[in-house]
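Encoded as structure tokens, the structure appears first; notes follow it.
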Amino acid sequence: LRELTRVAREIGDGKLESRARLGDGPGEIGDLARSIDEMAERIQRQLSTQKELLATVSHELRTPLTSLRGYAETLLDGGLEDEARREGFVRVIRDQAERLQALVDDLLSLAELERPEAALRRERFDLRELIARQVGLFAAAAERGGLKLVLEGEGPVEANADRARLEQVIANLLDNAIKYSEPGAPVALTARAADGWLTIEVRDRGVGIPSRDLDRIFERFYRVDRARSRSTGGTGLGLAIVRNVAHAHDGDVTVESREGEGSTFRLRVPMLASVAPLFREDG
Ligand code: ADP
């Protein structure tokens, strides 16, 4: 017990490498010793993940900031008199500011979802209609990329979920499908409710994802092709948000993909059985 008290004090003082080292001591004291050691290890791991995240975030913020500063200085150093080019410089400044904004918005979304007390605002709505609305919003972007968006199936799909967050998920998946596709390729969306699950599927015939990266693309800031992601304004956080939203609903998100052939993202959240139907047979 004296040894355990020492370790607990040291951990409290921030010496996270402290361990009880009571080996495989028997009985309840042994269990307590092992629990304390495991706790210290978990705290250590969490802190190092946080440090890593802070380093990555700082790095991600630095790129647009350096660029903002560079263009502002060029303008001040005579660029303002250069009538032919100054508008271009100002546009770059605006684009970089937009990038920063997107990054900060995504970070805030993630932080919000990761709060232990984060509550879902569940409401009942028609999932297909929500998807149709997103398809409408992305139609112009798809057209610019020469892509065809198709919403498959018909009729309402009743959901009881956090509408705003599912909207964000659909937007992120659709945005990716468009970004990582070549002109002329179709992007198909489906929504269905069956066997107690609500499923949203987004299918593209785009560049696909190498199998070695498949496990990692849902991690924060993980990108297969850094240059492509940046040039299309990606923050590297979209899929991390998708995964967090799925988990917050006790659901999951999976991906099937082949390089050069395309990707299918599938989000599943459990339907809540105890809720009276929103849509009735008789309308
Ligand atoms: P980003 O902002 O870079 O798109 P995401 O978190 O949304 O960040 O996605 C992470 C990475 O996963 C992307 O950088 C890209 O390499 C890959 N990815 C995501 N969606 C697709 C897709 N539909 N097709 C091919 N690659 C994709």
Side-chain angles (χ1 to χ4, degrees), residues 49 52-53 56-57 59-64 67 95-114 131 134-135 137-138 141-142 144-152 165-190 199-248 252-267:
T49 312
E52 236 168 72
L53 180 63
T56 318
V57 169
H59 182 79
E60 295 283 338
L61 290 172
R62 195 152 61 186
T63 316
S67 164
D95 293 348
Q96 293 299 328
E98 274 174 8
R99 228 180 95 81
L100 272 176
Q101 171 105 52
L103 196 56
V104 171
D105 287 348
D106 278 358
L107 281 169
L108 284 174
S109 281
L110 269 181
E112 172 66 23
L113 282 162
E114 282 173 7
I131 297 181
Q134 288 297 317
V135 167
L137 290 177
F138 278 90
R144 274 198 301 279
L147 296 165
K148 205 167 145 30
L149 299 183
V150 189
L151 174 53
E152 295 172 342
R165 295 220 158 109
L166 284 194
E167 204 166 60
Q168 192 176 13
V169 159
I170 297 161
N172 288 357
L173 292 177
L174 202 43
D175 184 43
N176 280 347
I178 294 172
K179 275 194 313 199
Y180 301 105
S181 287
E182 307 295 344
V187 172
L189 296 96
T190 52
T199 309
I200 301 171
E201 220 172 78
V202 180
R203 225 164 48 236
D204 67 57
R205 299 232 198 103
V207 297
I209 301 162
S211 52
R212 63 172 180 278
D213 297 300
L214 277 178
D215 283 348
R216 305 204 52 195
I217 53 167
F218 294 99
E219 290 172 21
R220 289 177 284 214
F221 295 117
Y222 190 85
R223 300 163 169 118
V224 177
D225 180 347
R226 221 147 248 284
R228 181 168 184 145
S229 165
R230 286 246 168 76
S231 69
T232 50
T235 62
L237 293 172
L239 290 180
I241 291 175
V242 170
R243 184 171 65 177
N244 276 8
V245 171
H247 288 176
D252 58 25
V253 55
T254 52
V255 57
E256 278 166 42
S257 185
R258 250 176 224 275
E259 241 183 312
E261 291 182 18
S263 316
T264 300
F265 285 84
R266 189 172 297 122
L267 179 108

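Atoms within each ligand, like the ligands themselves, are counted from 1 in listed order.
Nearest protein neighbour of atom 3 (O) of ligand 1, counting heavy atoms only, is Ser229 OG, 2.5 Å. At the top of the distance list for atom 13 (C) of ligand 1, counting protein heavy atoms only, stands Tyr180 OH, 3.3 Å. Protein heavy atom in closest approach to atom 7 (O) of ligand 1: Asn176 ND2, 2.8 Å. Of the protein's heavy atoms, Tyr222 O, 3.3 Å lies nearest to atom 10 (C) of ligand 1.
Distances between N or O atoms of Leu239 and those of ligand 1 include at least one value under 3.5 Å. Looking at Ile209 next to ligand 1, no N or O pair under 3.5 Å apart turns up. In terms of N/O distances under 3.5 Å, ligand 1 is approached by Thr235.
Counting atoms of ligand 1 from 1 in the listed order, those under 4.0 Å from a heavy atom of Gly234 are 2 (O). Close approach of ligand 1 to Asp204 (heavy-atom distance below 4.0 Å) involves ligand atoms 22 (C), 23 (N), 24 (N). If you number the atoms of ligand 1 from 1 as listed, the ones under 4.0 Å from a heavy atom of Gly238 come out as 5 (P), 6 (O), 7 (O). Atoms of ligand 1 lying under 4.0 Å from at least one heavy atom of Ile217, given by number and element, are 10 (C), 12 (O). Under a 4.0 Å criterion applied to the non-hydrogen atoms of Arg223, ligand 1 contributes the atoms 3 (O), 14 (O).
Summarising the geometry, atom CZ belonging to Phe265 is positioned 11.0 Å from atom CG belonging to Asn172; distances are rounded to the nearest 0.5 Å. Once rounded to the nearest 0.5 Å, the distance linking OG of Ser181 with CG of Leu149 reads 9.5 Å. Between the CD1 atom in Ile209 and the CD atom in Glu261 there is a gap of 13.0 Å [rounded to 0.5 Å].
Residue contact check for ligand 1: Leu237 places a non-hydrogen atom closer than 4.0 Å to it. Contact analysis puts Lys179 in contact with ligand 1, with a non-hydrogen atom separation below 4.0 angstrom.
In this comparison of Leu174, Thr264, Val224, Leu173, the heavy atom closest to atom 17 (C) of ligand 1 sits on Val224. For atom 8 (O) of ligand 1, the nearest non-hydrogen atom from the set Ser257, Gly208, Gly236 comes from Gly236.
Annotation: Arg223, atom CZ; neighbour count of heavy atoms from other residues, nucleotides and ligands within 6.0 Å is above 12. A 6.0 Å sphere centred on CD of Glu112 holds more than 12 heavy atoms belonging to other residues, nucleotides or ligands.
The closest side-chain heavy-atom distance from Leu267 to Leu166 is below 4.5 Å. Residues Tyr222 and Asp213 meet the side-chain proximity criterion, which asks for heavy atoms closer than 4.5 Å. Looking at heavy atoms from C-beta onward, Leu100 lies in side-chain contact with Leu61 at the 4.5 angstrom threshold.
Distance alone, capped at 3.5 Å, places no donor-acceptor pair between the Arg203 side chain and the Ala177 backbone.
Salt bridge status for Arg220 with Glu114: present, with a side-chain N to carboxylate O gap under 4.0 Å.
Judged purely by distance below 3.5 Å, without hydrogens or angles, the side chains of Asp225 and Tyr180 never pair a donor atom with an acceptor atom.
Within the 4.0 Å heavy-atom criterion, the part of Phe265 lying near ligand 1 is the side chain and not the backbone.
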